[in-house]
Structure formats: C-alpha cells, structure tokens
Amino acid sequence: MIQKTQPSAKALVPFVSVANMMRIIHHVGIEQMLIDLATYVEDDFKRWELFDKTPRVASHSDVGVIELMPTSDGEAYGFKYVNGHPKNTSEGLQTVTAFGLLADVYTGYPVLLTEMTILTALRTAATSAMAAKYLAPKGADTMAMIGNGAQSEFQSLAMKAICGITSVRLYDKDPAATAKCAANLANTGLNVVICTSPEQAIEGAQILTTCTADKQCATILSDNMVGAGVHINAIGGDCPGKTELAAGILARSDVFVEFPAQTRIEGEIQQMAEDFPITELWQVVTGAKPGRSSDRQITLFDSVGFAIEDFSALRYIRDRIKGSDFFFELDMLADPDDPRDLFGMVQRAAP
Ligand code: NAD
C-alpha cells in the first residue's frame, strides 16, 4: 500500500494570516470591503431565524473577558475567540484581539481559520452602518465619534461608505487617540473635526457613536446631552458592568438589539428592568417591525456584537479567498489513509 507522506488536499485548512487580511483589504479597498461585509451581515440578518443562537460563552476576570461566539446556519458552523481587556492599551497591548474558524456541518471538518482582530473591527463597523441605514435620520451627514481607539476609523469609514456621512467629530479623553484617528482619516474624503469635549463632539451630529473602553458603568453621554431625532450607535458597552449611556437616555429611546438574551446581560439595557421594551434588529431588516418612524424619535442601536455577524464575516472571507493566493494551507487536521487507523499513521515517520 502506498503510504502518503504529505497530508491530502482535503485535510489542509485555508488560513488567512494578519498579513493576508491586510492584502485582501488593500486589494478590495477598505470602503468596498465594508460595503460587502454589510451586505453579508444584512443577508444573514434576513435569515436570522434559521441560525443556532446562544449568548456568547464568557470567561470574566478582574481585568477583562475572554469569549467564544458560536453559531450555525445548518450548512456551516463558525466561532470566534475574542478578548476584551480595557487595561491592555496602557501596557502597549490591544483591548480586543480575535481569531475565528468556519467548519462544514456535513463533515465537521474546518474549512477556514482566520485572524479576526482586523476582521472584527470591519464587521463591527459594517454592522453599525447597516443598522444606521435603517435607523438614522434620513440625510444624516455628521457623526460624533466618541472614543477614538482601534475601532474608530473603521466606524467612521463604514458610516461614510454605507450611510453617506460627510463629517466626523472626534473626541477621546486621550488627545493622542484623537490625533491618531484624525491623521488616519485625513485624505479619506471625510471632513474631520477635532473636539475637546463630548458636548462639542455631538454639536450638529445626527449620529452619535460611543466606542470607549472602560471596565465600569461610565456615562459617556448624559441624558441632557441627547436631543430629539438622533441615532445613537452604542458600541463600547458590551460586558456585564460595562456601559456608556445614562439610563435616562434609554428610557427616552427606541432600543434596537442583536440577540436579546445576550444584550440583556451585556448591553446598555442591563441597566433597565428585565422586561424593558426592545426591538430585534433582524425584524427591522426583514420589514416585520418598523425602524425609524418619526423625526423626533431617538433610535439606539445597543450593539454588543453577536456571533452571526462573525459568521457573516467568515463567510465573506471564505468566498473572497476562493481562487486567490490570500491564504496559506495549514496541516492542522490529521488525515490517516484508513480513517480508523490514526495509531498506524502516528507510527510512521513524520513527513
Ligand atoms: P481601544 O482601547 O482601542 O479604544 C478605546 C478608546 O476609548 C481609548 O482611546 C480611550 O482613551 C477611550 N476612552 C475611554 N474612556 C473614555 C471616556 N470616558 N471618554 C472618552 N474616551 C474614552 O478599544 P477599541 O478596540 O476601539 O474598542 C472600543 C470598545 O468597543 C471596547 O469597549 C470594546 O469592547 C468595544 N467593542 C464592541 C464591539 C461590538 O460589536 N459591539 C466590537 C469591538 C469592540
């Protein structure tokens, strides 16, 4: 019997490294990629009901959280590993890092392993803009971007590419973060205004994005700062005990969420009673429930990040790398000639 010394093609798993994710972005163009990802997310929100859904599995510590985010549409299964450590930046490390895997439900074999630190920033921004497309006031052209860390440029560019904003007003408690964000957004076509307070940042803005990282119930926006008719895109409150908005704002808003069972634990609405009324965003996307229905309404996307958005992003990358050289093949799956002779394979000399 001929003994294979190399793993067979079926056992090699495509792997998208950080360098290759950067090549994909440069090849596609970042705004086009945000538009494409938003389309994948929107398509999956339209078929929301067929997914397996569970709140993410979170392991909390005093300094952060490590989470697994699984879901399946019955044909593919995906999960993301992601952390959230607000103290990391003070040690020269990132708050959020991630990687993810997609598998074939029929065989159970993995079909893609990929970096997801960059992909998470892209999918979060694409999801924010997809939600704002349904919820923000018509003709919104200005966004306040409060929290100018790793996610902020992605959030700004997605709102430009998908919702058509032309101006972004930046504020961060650390002026160096704002300077970094402003420099990165120069030459993107956005009018960038550097602000020295959250009050200044929200002046004239129809979309208010909060994307700060702090392991506490913070008040980035207080009740009196939020006027009628705006859309709030609340990104940073995504863990028990980690929120950004005054409860009074929630009481005056129509709140839209991803998966209620997860958002009630992790989102801004953890501050409210268990039966606080919310609308599931997927129902707005399918047309089953209204999104924005009046000029004076305050809409609030209480984003925590849900597994289906990562699944959409994994699906996009799987499709995008087909026929390309944007990946390596990983020998991460043992593949004995006789599937029941794993031991025999181990006894042979390693290739
Ligand atoms: P980051 O650490 O790179 O940036 C956070 C920024 O917030 C920092 O520049 C910090 O100075 C600023 N900040 C903290 N407190 C502030 C305050 N009171 N006022 C103004 N600015 C303040 O983090 P990041 O990767 O940009 O992520 C931001 C937040 O978004 C995190 O809390 C993260 O957990 C969350 N997040 C949510 C999703 C989602 O799907 N909803 C996805 C990714 C990240």
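Note: hydrogens, waters and symmetry copies are ignored here, and every other heavy atom, side chains too, is used.
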S.K.: Will you find, in the side chains of Ser128 and Gln155, an N or O donor that is under 3.5 Å from an N or O acceptor?
M.R.: yes
S.K.: With a 6.0 Å cut-off (strictly less than), is the heavy-atom count around CG of Asp325, excluding the residue itself, greater than 12?
M.R.: yes
S.K.: Judged by modelled atom types alone, do His85 and Thr95 share a side-chain donor-acceptor pair under 3.5 Å?
M.R.: no
S.K.: Using every non-hydrogen atom in the two residues, find where Val304 and Gly237 come nearest and quote the distance to one decimal.
M.R.: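 What the structure gives for the nearest pair is CG1-O, 3.7 Å.
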S.K.: Are Leu113 and Ile321 linked, directly or through other ILVMFWY residues, by side chains that come within less than 4.5 angstrom of each other?
M.R.: no
S.K.: Is it the case that the side chains of Tyr134 and Glu42 hold a donor-acceptor pair, with the cut-off being a distance below 3.5 Å and no angle test?
M.R.: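 Looking only at side-chain atoms, Tyr134 and Glu42 do form a donor-acceptor pair, the distance falling under 3.5 Å.
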S.K.: Test of understanding: with side chain to side chain donor-acceptor pair (under 3.5 Å), list the residues that count as partners of Asp174, not counting sequence neighbours.
M.R.: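 Counting only residues at least two positions away or on another chain, Asp174 forms no side chain to side chain donor-acceptor pair (under 3.5 Å).
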S.K.: Of the non-hydrogen atoms in Met69 and Gly305, which two are nearest, and what is the gap between them?
M.R.: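 In this case the closest contact between Met69 and Gly305 is CE-O, 3.4 Å.
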S.K.: In chain order, what residues pass the side chain to side chain donor-acceptor pair (under 3.5 Å) check against Arg315, with sequence neighbours excluded?
M.R.: Asp44
S.K.: Find out whether Thr279 and Val284 are in side-chain contact, i.e. whether some heavy atom of one side chain is under 4.5 Å from a heavy atom of the other.
M.R.: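 Side-chain contact under 4.5 Å: yes.
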S.K.: Is it the case that Asp214 and Thr212 place a side-chain donor and acceptor less than 3.5 Å from each other?
M.R.: no
S.K.: I want to check something: taking the side chain as every heavy atom from C-beta on, are Phe259 and Trp48 in contact at a cut-off of under 4.5 Å?
M.R.: yes
S.K.: State which residues pass side chain to side chain donor-acceptor pair (under 3.5 Å) with Ser303; sequence neighbours excluded, sorted by chain then number.
M.R.: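 Here no residue qualifies.
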S.K.: Check side chain to side chain contact (heavy atoms under 4.5 Å, CB included) between Gln347 and all other residues, then give those that pass, not counting sequence neighbours.
M.R.: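 Side chain to side chain contact (heavy atoms under 4.5 Å, CB included) check on Gln347 returns Phe343.
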S.K.: Quick one: do Val82 and Val57 end up in the same hydrophobic cluster if we chain Ile, Leu, Val, Met, Phe, Trp and Tyr together by side-chain heavy atoms under 4.5 Å apart?
M.R.: no
S.K.: With salt bridge (charged side-chain N to carboxylate O under 4.0 Å, His left out) as the rule and sequence neighbours excluded, what pairs involving residues 100-115 come up?
M.R.: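 Qualifying pairs: none.
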S.K.: Does any part of the side chain of Phe15, heavy atoms only, come nearer than 4.5 Å to the side chain of Leu112, both counted from C-beta?
M.R.: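 Side chain of Leu112 against side chain of Phe15, heavy atoms only: no contact under 4.5 Å found.
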S.K.: For the residue pair Met21 and Val16, establish whether any side-chain heavy-atom pair is separated by less than 4.5 Å.
M.R.: yes
S.K.: Is there side-chain contact between Leu102 and Tyr77, with heavy atoms separated by less than 4.5 Å?
M.R.: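 No - every pair of side-chain heavy atoms lies 4.5 Å or more apart.
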S.K.: Only pairs at least two apart or in different chains count here, so list each salt bridge (charged side-chain N to carboxylate O under 4.0 Å, His left out) that has a residue in residues 89-103.
M.R.: Lys87-Glu91
S.K.: Is the distance between the ring centroids of Phe301 and Phe256 under 6.0 Å?
M.R.: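 Centroid separation for Phe256 and Phe301: 6.0 Å or greater.
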S.K.: Taking the side chain as C-beta and beyond, is there a heavy-atom pair between Ser312 and Leu37 under 4.5 Å?
M.R.: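 No, side chains not in contact.
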S.K.: Within the 3.5 Å criterion, strictly below it, is a donor on Thr166 or Lys160 matched to an acceptor on the partner's side chain?
M.R.: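 Result is no, nothing qualifies.
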S.K.: Tell me if the CG atom of Asn224 is crowded by more than 12 foreign heavy atoms within 6.0 Å.
M.R.: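 Correct, the count exceeds 12.
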S.K.: Find out if a path of hydrophobic residues (ILVMFWY) with successive side-chain heavy-atom gaps under 4.5 Å connects Ile30 to Met22.
M.R.: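 Result: yes, single cluster for both.
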S.K.: Can you see which heavy atom on Leu50 is nearest to which on Asp73, and at what distance?
M.R.: CD1-O, 3.4 Å
S.K.: Working note: Val96 + Thr117, criterion side chain to side chain contact (heavy atoms under 4.5 Å, CB included); need CA distance, chi angles, decisive distance, verdict.
M.R.: CA-CA 7 Å; Val96 176; Thr117 305; 5.7 Å; no
S.K.: Applying salt bridge (charged side-chain N to carboxylate O under 4.0 Å, His left out) as the test, list every pair that has at least one member in residues 240-253; sequence neighbours left out.
M.R.: Asp223-Arg252, Asp238-Lys242
S.K.: Quick one about Gln200 and Thr196 (side-chain donor to acceptor, distance below 3.5 Å, no hydrogens or angles considered), yes or no?
M.R.: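 Present: a donor and an acceptor within the cut-off.
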S.K.: In terms of hydrophobic clustering (I, L, V, M, F, W, Y; side-chain heavy atoms under 4.5 Å; direct or indirect links), are Leu245 and Met272 co-clustered?
M.R.: yes
S.K.: Do you see a donor-acceptor pair shorter than 3.5 Å between the side chains of Thr178 and Asn148?
M.R.: yes
S.K.: Are Tyr81 and Phe99 an aromatic pair, judged by ring center distance below 6.0 Å?
M.R.: yes
S.K.: Consider only side-chain heavy atoms of I, L, V, M, F, W and Y, link residues closer than 4.5 Å, and tell whether Met130 and Trp282 are in one cluster.
M.R.: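 Looking at the clustering, Trp282 is in the same group as Met130.
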S.K.: Does the side chain of Met345 come within less than 4.5 Å of Asp338's, by heavy atoms?
M.R.: no
S.K.: Can you name the residues that form a side chain to side chain donor-acceptor pair (under 3.5 Å) with Thr97, not counting sequence neighbours?
M.R.: Asn83
S.K.: Check the surroundings of atom CD in Glu49: do more than 12 heavy atoms from other residues, nucleotides or ligands lie under 6.0 Å from it?
M.R.: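 Open: at most 12 neighbouring heavy atoms sit under 6.0 Å from CD of Glu49.
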S.K.: Quick one: which residue pairs count as a salt bridge (charged side-chain N to carboxylate O under 4.0 Å, His left out) with a foot in residues 271-284, not counting sequence neighbours?
M.R.: none
S.K.: For residues 135-146, please give each side-chain donor-acceptor pair under 3.5 Å, one per line with the distance, not counting sequence neighbours.
M.R.:
unit_1	atom_1	unit_2	atom_2	d
Asp141	OD1	Gln206	NE2	3.2

S.K.: Looking at residues at least two apart in the chain, or sitting in another chain, which of them share a ring-ring contact (aromatic ring centres under 6.0 Å, His included) with His27?
M.R.: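 Listed in chain order: Phe326.
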S.K.: Between Asn184 and Glu153, is the side chain to side chain donor-acceptor pair (under 3.5 Å) condition met? List the steps.
M.R.: CA-CA 7 Å; Asn184 283 337; Glu153 297 91 346; 2.8 Å; yes
S.K.: I'd like to know if Arg56 and Glu266 make a salt bridge, using a cut-off of under 4.0 Å between side-chain N and carboxylate O.
M.R.: yes
S.K.: Check each of Leu208, Val226, Ile207, Val230 against Ile202 using the side chain to side chain contact (heavy atoms under 4.5 Å, CB included) test, and report the only one that passes.
M.R.: Leu208
S.K.: Any side-chain donor paired with an acceptor under 3.5 Å for Gln297 and Asp254?
M.R.: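 Yes, Asp254 and Gln297 have a side-chain donor paired with an acceptor closer than 3.5 Å.
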S.K.: Side-chain contact test, heavy atoms from C-beta onward, threshold under 4.5 Å: evaluate it for Val28 versus Asp36 and give yes or no.
M.R.: yes
S.K.: Quick one: name the residues clustered hydrophobically with Val346, using the 4.5 Å side-chain heavy-atom rule over I, L, V, M, F, W, Y, and just say none if it's on its own.
M.R.: none
